[in-house]
Amino acid sequence: MSPETTPVAIIGAGPAGLLLSWALRDAGINSIVVENRSQEYVLARIRAGVLEQGSVEYLTRLGLGDRLKVEGMEHDGIYLQYGGERHRVDFNDLIGRTVTVYGQQQVVKDLVAAHEGAGSTIYYEATDVAVHDLESATPSVTFVYDGEQHTLAADFVVGADGFHGICRASIPASALTLFDRSYPFAWLGILADVAPSTDELIYALHEDGFAMHSMRSPEVSRLYLQVDPGDDIANWSDERIWQALQTRLGVAGWTLAEGAITDKSITPMRSFVASTLAHGSLFLVGDAGHIVPPTGAKGLNSAISDVTQLAEALTAHYKNDDALLGRYSETALARQWRVQQFSRWMTDMLHRSPGDLQSDRFDYRSQVGQLDYVTHSAFAQRMLAEQYTGLRL
Ligand code: FAS
Ligand code: PHB
C-alpha cells in the first residue's frame, strides 16, 4: 500500500492532539491523528475541570465555544479553607480575570464533534503505532488499522500521546533529561449526582488531609480527597468517602449535600518535565512533555498552551518563517516551569504530610501560617490569582 502523506502526523487524540489538529485546520494546514484507543474511550475519560481565561478565549476563537459559553460556569474566584475558616480569593476583583469550570470531557466532546463535522482523518484503535526517521526531514508513522498496515509520511510528527506514549520515548536518551518529583500522597476523586454545595471551588487543608469541592454542572459535583499513594479504591466505600469529605470540608453554618457517587478513582500525583519538547522533526505537546499535580488546575491548560504555541509556529513554518518553530521548546518549557512551581506551591501548601511525626506537626502549623498569610495579604492573593487564571506567555 503506498504511503499516505500529510504535513503533520499527530499521535494521540486526547485534548492536545485533537486541539492541535483543529488549530492547524483553522490555519489551512492538513494533519492526520493516530489514536490507539477507541473514540468511546477518548470521550469517556473524566479528568480536568477548570479552564484558564486564555484557554476559554483560544477555544472560542477556534469556533469551539458554543456549548462552553452556555454550559461553562465562569468563576470569579476560589475559597481557601483551613482551621475551620473559609476565605474567598476574588480573582476578578484582584486582577480582572476569571476561570471557567467546564470538564475536560466536554472539551474533548466538542473537539470530536467538530472534527466529525469537518470530516477530519482520525484513526482510532490503531495498533502497533511506531514513529520513524525523526531526525530526518521525512519522518513517518506506521500503524495497523482495521487489520491493514499503514504508513503515514509527514513533514512533522507531534507527540500528543500523553505521559505513557511512545513519542517522548523515541528521543535518544543522550538527547533527553527527565526532571521529576513524586509526592507522598494521591487524590481520590468522585463524581456525585448532587448539586454543588458551593458557588466556587473550595481548596481545604485539614489535619486529616486535603479536600476539594469542585463541580461539573448545577446538578453534578466533583470532589477530591488526599489519600496515600498506595491506597486502593476498594478501601473507600461511598459512606467512608462522604464522612471524610464532611470532616475535611465542614465549617460552622455550612452543609455539604451528599448524593449518589457515579464515579470514583485514585490518581497518583507527580511532577515531570522533559528537558526538550523538540527533537528533529518531532515535537511534544501536553502530558507527553510534562505532568503537574492537579492542585493548580494546570494539566489541561498547559496542554492548550503548548498547542497554541506549536500551532502558531507550524503555521509560520508553512509561510517560510521558522523562527517560532526553532524557539518552540524553549518558550513552551519556560512557561511550563512557571506552571510547575505554582502547582508545587499549591500542592505543598494544601496537603498534609503523611504520618504524625514531630516534623509533620511542625509542617502543618507552618502550612496554616502560610495560608493565614495568603488569605490576609492582597499581594499574595494577586500572585495566586495571576497564576491560577493563567500566566500570559
Ligand atoms: P492525554 O493523556 O489526555 O491523551 C493522550 C492520548 O494519546 C490518549 O488518548 C491515549 O490513548 C493516546 N495514546 C497514548 N499512547 C499512544 C500510542 N502509542 N499511539 C497512539 N495513541 C496513543 N489536569 C487538570 O488540570 N486537573 C485535573 O483535575 C486533572 N485530573 C487528572 C486525572 C487523571 C486520572 C489524569 C491521568 C490526568 C489528570 N489531569 C488533570 C491532567 C490531564 O487533564 C492532562 O493534562 C490532559 O489529559 C493532557 O492531555 P493530553 O496531553 O492530550 O494527554
Ligand atoms: C476539577 O474540577 O476536576 C478540578 C478543579 C481544580 C483543580 C483540580 C481539579 O485544581
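We count ligands from 1, going down the list as the structure has it; atoms in each ligand are counted the same way.
Set against the non-hydrogen atoms of Lys298, the atoms of ligand 1 under 4.0 Å away are 25 (O). If you number the atoms of ligand 1 from 1 as listed, the ones under 4.0 Å from a heavy atom of Gly286 come out as 51 (O). Residue Leu201 approaches ligand 2 through these ligand atoms, each under 4.0 Å from one of its heavy atoms: 5 (C), 6 (C). Those atoms of ligand 1 with a heavy atom of Val129 less than 4.0 angstrom away are 19 (N). Close approach to Gly165 involves these atoms of ligand 1, each under 4.0 Å from a residue heavy atom: 15 (N). Atom numbering of ligand 1 starts at 1 in the shown order; those under 4.0 Å from a heavy atom of Ile11 are 19 (N), 20 (C). Within ligand 2, counting atoms from 1 as listed, the ones closer than 4.0 Å to a heavy atom of Tyr203 are 6 (C), 7 (C), 10 (O). Applying the 4.0 Å criterion to heavy atoms of Leu300 picks out, from ligand 1, the atoms 23 (N), 25 (O), 45 (O).
Taking CG of Asp372 as the reference point, atom CD of Glu85 lies at 8.0 Å (rounded to 0.5 Å). Distance check, rounded to the nearest 0.5 Å: CZ of Arg86 to CD1 of Ile78 gives 12.5 Å. Summarising the geometry, atom NE2 belonging to His75 is positioned 11.5 Å from atom CG belonging to Leu51; distances are rounded to the nearest 0.5 Å. For the atom pair Leu111 CG and Ser120 OG, the distance stands at 10.0 Å (nearest 0.5 Å). The distance from the CG atom of Leu176 to the CG atom of Leu277 is 9.5 Å, given to the nearest 0.5 Å. To the nearest 0.5 Å, atom OG1 of residue Thr247 and atom NE2 of residue His206 are 6.0 Å apart.
Among Leu284, Ile304, Asn301, Asp287, the residue whose heavy atom lies nearest to atom 44 (C) of ligand 1 is Asp287. Among Ile46, Val101, Val50, Leu191, the residue whose heavy atom lies nearest to atom 5 (C) of ligand 2 is Val50. When the options Gly299, Ser302, Ala169 are ranked by their closest heavy atom to atom 25 (O) of ligand 1, first place goes to Gly299.
Applying the salt bridge (Lys or Arg N to Asp or Glu O under 4.0 Å) test to pairs two or more places apart or on separate chains, those with a residue in residues 98-116 are Arg67-Asp110.
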For side chain to side chain donor-acceptor pair (under 3.5 Å), just list the numbers for Glu57 and Gln53, CA-CA rounded to whole Å, side-chain angles, deciding distance to a tenth of an Å, and then say yes or no. CA-CA 6 Å; Glu57 290 163 354; Gln53 183 167 319; 3.1 Å; yes

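Grouping the Ile, Leu, Val, Met, Phe, Trp and Tyr side chains by contacts below 4.5 angstrom, directly or via other members, places Tyr364 with Phe185.
Within a 4.0 Å radius of atom 39 (N) of ligand 1, the protein has no heavy atom.
When hydrogens are left out, the protein atom nearest atom 24 (C) of ligand 1 is Ala48 CB, 3.2 Å; that is the closest non-hydrogen contact. Scanning the protein for heavy atoms near atom 42 (C) of ligand 1, the closest one is Gln104 OE1, 3.6 Å. Annotation: atom 2 (O) of ligand 2 to nearest protein heavy atom, Ser214 OG, 2.6 Å. Summary of contacts: the protein heavy atom closest to atom 14 (C) of ligand 1 is Asp161 O, 3.2 Å. Counting only heavy atoms of the protein, atom 11 (O) of ligand 1 lies nearest to Glu35 OE2, 2.7 Å. With respect to atom 49 (O) of ligand 1, the closest heavy atom belonging to the protein is Pro15 CG, 3.4 Å. Protein heavy atom at the shortest distance from atom 36 (C) of ligand 1 is Arg47 NH2, 2.9 Å. Closest to atom 13 (N) of ligand 1 among all protein heavy atoms lies Asn36 OD1, 3.6 Å. Looking only at protein heavy atoms, the nearest one to atom 8 (C) of ligand 2 is Pro294 O, 3.2 Å. Counting protein heavy atoms only, atom 28 (O) of ligand 1 is closest to Tyr224 OH, 3.6 Å.
Taking every heavy atom of both residues into account, His279 and Pro172 meet most closely at NE2-CD, 3.3 Å.
Within the 4.0 Å heavy-atom criterion, neither part of Trp187 lies near ligand 1. Within the 4.0 Å heavy-atom criterion, both parts of Ala297, backbone and side chain, lie near ligand 2. Residue contacts with ligand 1, taken as heavy atom pairs separated by less than 4.0 Å, involve Ala160 solely via the backbone atoms N, CA, C and O. At a heavy-atom cutoff of 4.0 Å, ligand 1 is contacted by the backbone of Ala297 but not by its side chain. The part of Trp187 lying near ligand 2 is the side chain, judged by heavy-atom distances below 4.0 Å. Only the backbone of Val34 comes within contact range of ligand 1, with a heavy atom under 4.0 Å; no side-chain atom does. Contact annotation: for Arg216 versus ligand 2, heavy atoms closer than 4.0 Å belong to the side chain alone.
Ion pairing between a basic and an acidic side chain is recognised when a charged N comes within 4.0 Å of a carboxylate O; Arg181 and Asp348 show such pairing. A salt bridge links Asp238 and Lys264; the closest N-O separation between the charged side-chain nitrogens and carboxylate oxygens is under 4.0 Å. Classification of Glu200 and Arg88 as a salt-bridged pair holds, one side-chain N sitting under 4.0 Å from a carboxylate O. Taking 4.0 Å as the cut-off between side-chain N and carboxylate O, Lys298 and Glu52 count as a salt-bridged pair.
Not one N or O of Ile166 is nearer than 3.5 Å to an N or O of ligand 1, by distance alone. Considering backbone and side-chain atoms together, Thr267 places no N or O closer than 3.5 Å to any N or O of ligand 1. Looking at ligand 1, you won't find any N or O of Tyr41 less than 3.5 Å from one of its N or O atoms. Inclusion of Arg37 in the set of residues having an N or O under 3.5 Å from an N or O of ligand 1 is not warranted. Ligand 1 has an N or O atom lying under 3.5 Å from an N or O atom of Ala16, backbone or side chain.
Contact annotation: Arg47 has at least one heavy atom less than 4.0 Å from an atom of ligand 2. Using a 4.0 angstrom heavy-atom cutoff, Met212 counts as in contact with ligand 2. Using a 4.0 Å cutoff on heavy atoms, His164 does not count as a contact of ligand 1.
The residue from Asp155, Thr315, Thr6 that alone fulfils the side chain to side chain contact (heavy atoms under 4.5 Å, CB included) condition with Ile29 is Thr315.
The ring of His317 has its center closer than 6.0 angstrom to the ring center of Phe156. Taking the six-membered ring where the residue is Trp, the centroids of His87 and Tyr82 are separated by under 6.0 Å. Ring centroids of Phe342 and Trp337 are separated by 6.0 Å or more, keeping the two rings apart. Here Tyr123 and Phe143 bring their ring centres to under 6.0 angstrom of each other.
Because its NZ or CZ atom is both nearer than 6.0 Å to the ring centre of Phe163 and within 45° of the ring axis, Arg168 counts as a cation-pi partner of that residue.
The closest side-chain heavy-atom distance from Asn30 to Val8 is not below 4.5 Å.
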